[in-house]
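Okay, structure first, notes after.
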Amino acid sequence: MAHWAVGRALPSEEADEHPKLWATNGDSEASTSKTITFEKEVDETRNWLEELPHDVSVAILQKVGVIDILLSVQYVCASWHEICQDPALWRSIDMCSIDHYFVPNTMLKLTKQAIDRSCGQLIDINLEDDCNDDLLKYITDRKNQVRRLKLISCWDITDCGLSEAAKKMSSIEELYLHSGKITEVGLENVGRSCPGLKSLTHNRQRARRFYPNSVEGYQFDQNSEGLAISRTMPQLRHLSLIGNSMTNTGLQAILDACPHLESLDLRKCNNVDLTGELGKKCSSIKTFRHPNEFVGDYDSESTSDQEMGGLLLDQSDDNTDLDDDIADEFSGFWRP
């Protein structure tokens, strides 16, 4: 096949078949000028990104989300890759309500990589589903001074695992437990290890509710969790116990031992009777949610498997660095 240069006269037959190849010198010069202008605009845009103040770039990327940073943003250009290594970007890690579905092993790898990048500066972490005792130990082994820990439907976290983690995370001020199998044993150990705990959420309303009395040797007591809270958490300002089975005995113990309560959520706590003085005491709390109040907003705390979709990464048992694994999936992006 003949190769024709732009601007060269074509035979009349071929010119009719290939009108786009028919160009004058003036057209070529105009095209070249447009190309130069476009490249200049691209260069200016790149310079603008690179010259953006570092702290501003960090603040922007904090809005992006952990998964997008690890899977794509860090591969955009050299300057963004450098920013994505900054521990300040990883002081808060949110692994909840992810828009993609990952097999557990992949999610754990992503979570660990995010924790590593915090370089001991992690203060706030949200975990959902694919979290276990080993991951809590992974956090504490890196000397992180976590102040806020949120665990949603983490059924593989045990009383023992949470208790051991709390010993090394005495800085915790806020603990959120949405579903799971933590009992009064874990709660009491957290209270003893974290004297500055100011906010506790221990909600049990879930289809996969865990029944402690199904465990061999465990004697279930309706008020055991309430009593554990009253014994070890006197500094509480905020307490949510949606779906707790306690009676007035447990509630009274909490109110007597926690005089600083500013908010109390007792929705679906159907065993308490608030018709008398106890009800008046609860109503005097600044923000009080009655057992009969609607609980729809609680259901939005986590994303169900049916709602999740998108990217599926294969599970792998090897120890390959996740950066390389992910880069293979996004080979078109910039690589360091």
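As a basis for the values below, the full set of heavy atoms in this structure was taken, side chains included, without hydrogen atoms, waters or symmetry mates. Positions are given from 1, in the same order as the sequence printed here.
One side chain, Y138 or D116, offers a donor N or O that lies under 3.5 Å from an acceptor on the other. Side-chain contact annotation: R117 with Q74, donor-acceptor N/O pair under 3.5 Å present. Inspection of the E225 and N244 side chains reveals an N or O donor paired with an N or O acceptor under 3.5 Å. Using modelled atom types, one finds a donor on one side chain and an acceptor on the other under 3.5 Å when comparing T158 with D133. Residues N271 and T247 bring no donor and acceptor atom of their side chains to less than 3.5 Å of each other. Between the side chains of S199 and E174, no donor N or O sits under 3.5 Å from an acceptor N or O.
Hydrophobic clustering (side-chain heavy atoms under 4.5 Å, transitive across Ile, Leu, Val, Met, Phe, Trp, Tyr) groups L261 together with L274. Connection of I69 to I123 is not established within any shared hydrophobic cluster, with ILVMFWY side chains joined at heavy-atom distances below 4.5 Å, either directly or through further cluster members.
Between A257 and S230, the shortest heavy-atom contact is CB-O, 3.2 Å. The two residues C282 and L251 make their nearest non-hydrogen contact at SG-CD2, 3.9 Å. For H238 against S263, the heavy-atom pair with the smallest separation is ND1-OG, 2.8 Å. Summarising the geometry of V272 relative to P291, their closest heavy-atom pair is CG2-CG, 3.7 Å, with the distance given to 0.1 Å. Heavy-atom minimum distance, I182 versus R204: O-NH2, 2.6 Å. Minimum interatomic distance between G186 and S163 (heavy atoms only, all atoms of both residues): CA-OG, 3.9 Å.
In this structure, the side chain of S193 does not engage the main chain of V190 through any donor-acceptor pair within 3.5 Å.
In this structure, R148 is positioned above the aromatic face of Y176, its NZ or CZ under 6.0 Å from the six-membered ring centre and within 45° of the axis.
At a threshold of 4.5 Å between non-hydrogen side-chain atoms, the residues N189 and D159 do not count as touching.
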Candidate pair N203 and S240, rule side-chain hydrogen bond (donor to acceptor under 3.5 Å, both in side chains), full reasoning: CA-CA 7 Å; N203 297 338; S240 178; 3.0 Å; yes

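Take K198 and apply the salt bridge (charged side-chain N to carboxylate O under 4.0 Å, His left out) test, not counting sequence neighbours, and it matches no residue.
A salt bridge between E277 and K281 is absent, with no side-chain N of the basic residue lying under 4.0 Å from a carboxylate O of the acidic one.
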